[in-house]
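So that the names make sense, note that chain A is the first sequence line, chain B the second, and so on, each numbered from 1.
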Amino acid sequence: MIEDLGGWVRSHDCNSLTAADIGSEVCLMGWVQFRRDHGGLIFIDLRDRAGLTQVVFDPSLSEAAHARAHALRAEFVLAVKGRVRSRPEGMHNPNLATGDIEIEALELKLLNVSQTPPFEVEDRVDPAEGLRLKYRYLDLRRPKMARNFILRHRAAQAVRRYLDSLGFLEIETPILTKSTPEGARDFLVPSRLNQGTFYALPQSPQLFKQLLMVSGLERYYQIVKCFRDEDLRADRQPEFTQIDIEMSFVDEESVMAMAEGLVRTMFAETLGVALPSPFPRMTYAEAMRDYGVDKPDVRFGLKLVELTELFAASNFKVFAKAELVKALRVPGGESLSRKEIDDLTEFVKVYGAQGLAWIKVRAEDWQSPIVKFFSEEEKAGLSARLGLAPGDIVFFQAGPAVMVNAALGALRLRMGERMGLIDEKAYAPLWVTDFPLFEYDPEEKRWAAMHHPFTAPSPGTDLAHISENPGAVLSRAYDMVLNGSEIGGGSIRIHTTAMQETMFAALGIPLDEARDKFGFMLQALEFGAPPHGGIAFGLDRITMLMAGAPSIRDVIAFPKTQKGTCLMTDSPSEVAPKQLRELGIRLREKA
RNA sequence: GGAGCGGUAGUUAAGUCGGUUAUAACGCCGGCCUGUCACGUCGGAGGCCACGGGUUCAAGUCCCGUCCGCUCCGCCA
């Protein structure tokens, strides 16, 4: 029979009682993890979010409680009053924090019953993720998952303490806001009061935080949901959480120092991990040159080596005519099997590679399908530039620069894992700086902002000639990278109208359209906007890295599937015709 | 939009070259059990082999399509 709490008050959680508490009367509340019924004695492992405590039901102590304990099942909810006692000699459980003691149950209240759960609520089973998501509330009871959210909470609290101590104000910005061009697809919200018009959910509070700087509030932060209607990945959800920060009267150095301090504080206070000070820095150009990506994983070496010039006049036409030729030398890779190389070839084709050329360096010779095309000078050049030694394998890519970097950059990561070069316990943060201001969009056939259109160009940029060679212009943007994952990014912003209009012009956005979309921002810049800049961190990704979680879904309480649905609530879902009528929306007939 | 992997009992998986009644472990139900801790032990129940179509004497197994989950490319200022 289910009972009320009846005034009972929990005295401890299920992870805190130790030998020091022996003899005290306690009241524990939680869920039945395991029942071990010996007919005489009954043992219950009681679980709450903190841990497990063993409760003993002994008929000689309480006939009534013992009798009722027979009927307990997994996930029943209990309140137990009893006395803490030492476990008998030799019966201590070193695997439990509470393993030295047990509770002799004197009184038992059954607070609720449970159906047999669809999967066992414990860490060592790993049910299909679809099932976990449907019964997410049960999934979150598993200690592994609960730990992630406790960690996330601690990280968020560390952020608030740190930023508060530096004079940052936590200020909320609108969720119903304006759709703007550039960037990701917006989620739209129809307006009932203004039919035919739509709000957009913010991709980030970018403009609002800049306006707070124009407002003179000087230092702003917010731990805030952002929304982007793009395809999902293991580290991407359509709604995610940013630690959003903006400061006035600062340059890059101030923002980066503040941001490093923030991340160091998070790691120190939640994991006890000391990150380096200062973080290493690398320019975008260096990152692309050495790692082929703008978010290098610097926990291991295996830098890429450019060889375009060496092969410029080669008889091997595939290399000679390529925009970019690069190589990846992997010590010890000579032992790779033919099958493994075939698999790697398939792997790089995903990035547009036509194939994967390779050389196995052996003491007696080079084994390779392509080396016969090389001159002696080219072989000598290769050997010198790559520092070849017996036991190496060298992989090559030649072709468009974008493809070569993507393919070899990805192959580098894969080989780092394959060769066991990655220290899974290490945290290797770094800054990537000096990003290009613009990036060419071949589909739209125009230059687009690499970061966003409010990022300031580097000092000394010739404004008048910005549109002549946009690709060469650098920006005042910086990204923070941790273990090959982009965890934060920001910039010093444009704070004058003239520069902002120049920027829109360079992006091919006509002035009248710029005024229509961003007029409020351009106007605000006319009223004494201070120099300002900031940064935004991905709280989910940082938590993922701290928790060692394989998926961003493991650090979001109620995440979406890869198709953007919620298996628990069954959203998104159709709505009543009346709702659509009120919004002035008619659905197109399904094709 | 594209590529790949997967879907068999409540759960996790096995199921060979297409061939008898589809296995196992855990869980579940019942009995026994006073020192277990993933208790033990005896017995039992439990299956639309994701869905639809096809090939075949015969399909969990082969083929086609659909749905769902995951990973990746594109996309994500």
Side-chain angles (χ1 to χ4, degrees), chain A residues 33-46 52-61 66 70 73-75 87-96 98-99 102 104 115-135 138 180-186 203-204 206-207 226-238 240 343 346-353 402-403 406-407 410 414 435 437-439 441-443 447-455 475 477 486 489-491 503 507 536 538 550-551 553 560-563 565 567:
Chain A
Q33 178 76 313
F34 300 112
R35 182 182 60 120
R36 294 178 292 279
D37 188 338
H38 290 234
L41 286 181
I42 298 172
F43 297 92
I44 297 279
D45 286 341
L46 196 66
L52 292 178
T53 298
Q54 174 165 285
V55 180
V56 190
F57 293 87
D58 184 335
S60 69
L61 288 167
H66 176 266
H70 277 295
R73 294 293 182 271
E75 303 308 317
R87 296 194 183 193
E89 194 61 35
M91 300 296 168
H92 294 225
N93 185 343
N95 300 318
L96 286 184
T98 60
E102 61 193 7
E104 54 183 35
Q115 286 187 22
T116 301
F119 52 85
E120 294 156 72
V121 178
E122 43 180 317
D123 284 342
R124 64 196 157 73
V125 293
D126 193 18
E129 192 163 5
L131 196 69
R132 291 171 54 199
L133 290 174
K134 180 172 178 186
Y135 298 97
L138 295 179
T180 53
E182 304 279 310
R185 251 179 236 105
D186 286 321
Q203 297 178 26
S204 86
Q206 181 60 37
L207 291 170
C226 301
F227 305 87
R228 293 175 192 176
D229 187 6
E230 298 293 346
D231 287 0
L232 290 80
R233 285 285 191 287
D235 63 350
R236 268 168 31 193
Q237 282 272 304
F240 61 100
D343 287 346
E346 289 307 306
F347 174 75
V348 296
K349 281 182 178 171
V350 167
Y351 299 90
V402 171
M403 180 282 288
R414 173 128 174 181
F435 281 82
L437 188 60
F438 303 101
E439 173 175 52
D441 181 342
E443 266 186 32
W447 290 89
M450 187 158 192
H451 198 59
H452 57 58
F454 314 102
T455 299
S475 76
E486 183 198 327
S491 63
M503 183 71 183
L507 289 170
S551 161
R553 295 180 298 279
K560 304 286 189 288
T561 67
Q562 193 166 52
K563 282 193 70 195
T565 67
L567 296 178

### Task
Please state the C1' separation for the pair rC63(B) and rA24(B) - nearest whole angstrom.
31 Å

### Task
Specify the closest pair of heavy atoms between Pro453(A) and Met503(A), including all atoms of both residues, with the distance to one decimal.
O-CG, 3.3 Å

#### Entry: Gap in Å between the two P atoms, one belonging to rG18(B) and one to rC62(B), rounded
7 Å

### Task
Looking only at non-hydrogen atoms, find the nearest pair between His66(A) and Pro59(A) and report the distance.
CD2-CD, 3.4 Å

### Message
Taking only the P atom of each, what is the distance from rC67(B) to rC26(B) in whole angstrom?
### Response
39 Å

### Task
Answer yes or no: does a side-chain N or O of Arg124(A) lie under 4.0 Å from OP1 or OP2 of rU11(B)?
no

### Asp58(A) or Asp37(A), whichever maps to the more 5' nucleotide of RNA chain B
Asp58(A)

#### Entry: Atom-pair distance (OH on Tyr135(A); C1' on rG69(B)), nearest Å
16 Å

## Note on the structure
Heavy-atom closest pair (Glu102(A) atom, Pro88(A) atom, distance to 0.1 Å) is OE2-CD, 4.1 Å

### Message
Distance check, P atoms only: rG44(B) and rU20(B), in whole angstrom units.
### Response
24 Å

### Query
Going by modelled atom types, is there a donor-acceptor pair between the base of rC70(B) and the side chain of Arg553(A) at under 3.5 Å?
no

### Task
Starting from C1' on rC32(B), measure out to CG on Leu41(A) and report it in whole angstrom.
15 Å

### Query
Within the structure, does a side-chain N or O atom of Arg36(A) lie under 4.0 Å from either OP1 or OP2 of rC39(B)?
yes

### Query
Looking at rC76(B), does its base get a donor-acceptor pair with the side chain of Arg228(A) below 3.5 Å?
no

### Task
Could you tell me whether the phosphate oxygens of rC68(B), OP1 or OP2, come under 4.0 Å of any side-chain nitrogen or oxygen in Lys563(A)?
yes

#### Entry: Span that lies between the P atom of rC17(B) and that of rC72(B), in whole angstrom
32 Å

### Task
With the side chain of Met91(A) defined as its heavy atoms from C-beta on, choose the nearest nucleotide among rC75(B), rG69(B), rC37(B).
rC37(B)

#### Entry: Phosphate contact (rC73(B) OP1 or OP2) by Arg233(A) side-chain N/O below 4.0 Å
yes

### Plane angle bin for Phe347(A) and Tyr351(A) - parallel if under 30°, tilted between 30 and 60°, otherwise perpendicular
perpendicular

### Query
What are the two closest non-hydrogen atoms of Thr561(A) and Leu232(A), and how far apart are they?
O-CD2, 3.2 Å

### Task
Find the distance Gln237(A):CD to rC75(B):C1' and express it as a whole number of Å.
16 Å

#### Entry: Who pairs with rC75(B) - Watson-Crick or G-U, where each distance is under 3.5 Å
none

#### Entry: Centroid separation Phe57(A) to His70(A) less than 6.0 Å
no

### Task
Check whether the aromatic ring of Phe119(A) stacks on the base of rU11(B), taking stacking as ring centres less than 5.5 Å apart and planes within 30° of each other.
no

### Task
Give Ala184(A) one of three labels, base, sugar-phosphate or nothing, depending on what nucleic acid heavy atoms sit under 4.0 Å from its own.
sugar-phosphate

### Task
Measure distances between side-chain N and O atoms of Arg35(A) and base N and O atoms of rC39(B), and say whether any donor-acceptor pair falls under 3.5 Å.
no

### Query
Taking the nucleotide of RNA chain B with the closest heavy atom to each, which residue, Gln562(A) or Phe454(A), is nearer the 5' end?
Gln562(A)

#### Entry: Whole-Å distance separating the CD atom of Glu230(A) from the C1' atom of rC72(B)
16 Å

### Query
What is the distance, rounded to the nearest whole Å, between atom CG of Leu232(A) and atom P of rG69(B)?
11 Å

### Nucleotide forming a Watson-Crick or wobble pair with rC33(B), both distances under 3.5 Å
none

### Query
Hey, does Pro453(A) reach any base, or is it just sugar-phosphate, or nothing, if we go heavy atoms under 4.0 Å?
base

### Summary
Across every strand shown, the nucleotide meeting Watson-Crick or G-U wobble geometry with rG69(B) (both distances under 3.5 Å) is rC5(B)

### Task
Mind checking Phe34(A) for me? I need base, sugar-phosphate or nothing, with any heavy atom below 4.0 Å counting as a touch.
sugar-phosphate

### Task
Can you tell me the distance, in whole Å, between the CE atom of Met450(A) and the C1' atom of rC76(B)?
13 Å

### Message
Rounding to an integer number of angstrom, what distance separates rU11(B) and rG4(B) when you compare their C1' atoms?
### Response
26 Å

### Task
Indicate, with a heavy-atom threshold strictly under 4.0 Å, whether Ser204(A) touches base, sugar-phosphate, or nothing.
base

### Task
Both distances under 3.5 Å, Watson-Crick or G-U wobble: report the partner of rG46(B), or none.
none

### Query
Would His38(A) pass as stacked on rU36(B), i.e. its ring centre under 5.5 Å from the base's six-membered ring centre and planes under 30° apart?
no

#### Entry: Pairing partner of rA25(B) (Watson-Crick or G-U wobble, both distances under 3.5 Å)
rU11(B)

### Query
Is any side-chain N or O of Thr116(A) closer than 4.0 Å to OP1 or OP2 of rC28(B)?
no

### Task
Can you tell me, in whole Å, how much space there is between the C1' of rA13(B) and that of rG27(B)?
14 Å

### Message
Expressed as a whole number of angstroms, how long is the span from Leu131(A):CG to rC68(B):P?
### Response
17 Å

### Task
Sticking with atom P, work out how far rG10(B) lies from rC49(B), rounded to a whole angstrom.
12 Å

#### Entry: Atom-to-atom span, CD of Glu120(A) to P of rC28(B) - whole angstrom
7 Å

### Summary
Nearest heavy-atom approach of Phe227(A) to Phe240(A) is N-CE2, 4.4 Å

### Message
Would the base of rC76(B) count as contacting Asp231(A) through its side chain, where contact means a donor and an acceptor less than 3.5 Å apart?
### Response
no

### Query
Does rG19(B) pair with anything, Watson-Crick or G-U wobble, both distances under 3.5 Å, and if so, with which nucleotide?
rC57(B)

### Task
May I ask you to verify whether the side chain of Glu102(A) and the base of rG35(B) hold a donor-acceptor pair under 3.5 Å?
yes

### Query
Does any non-hydrogen side-chain atom of Ile42(A) lie less than 4.5 Å from one of Arg35(A)?
yes

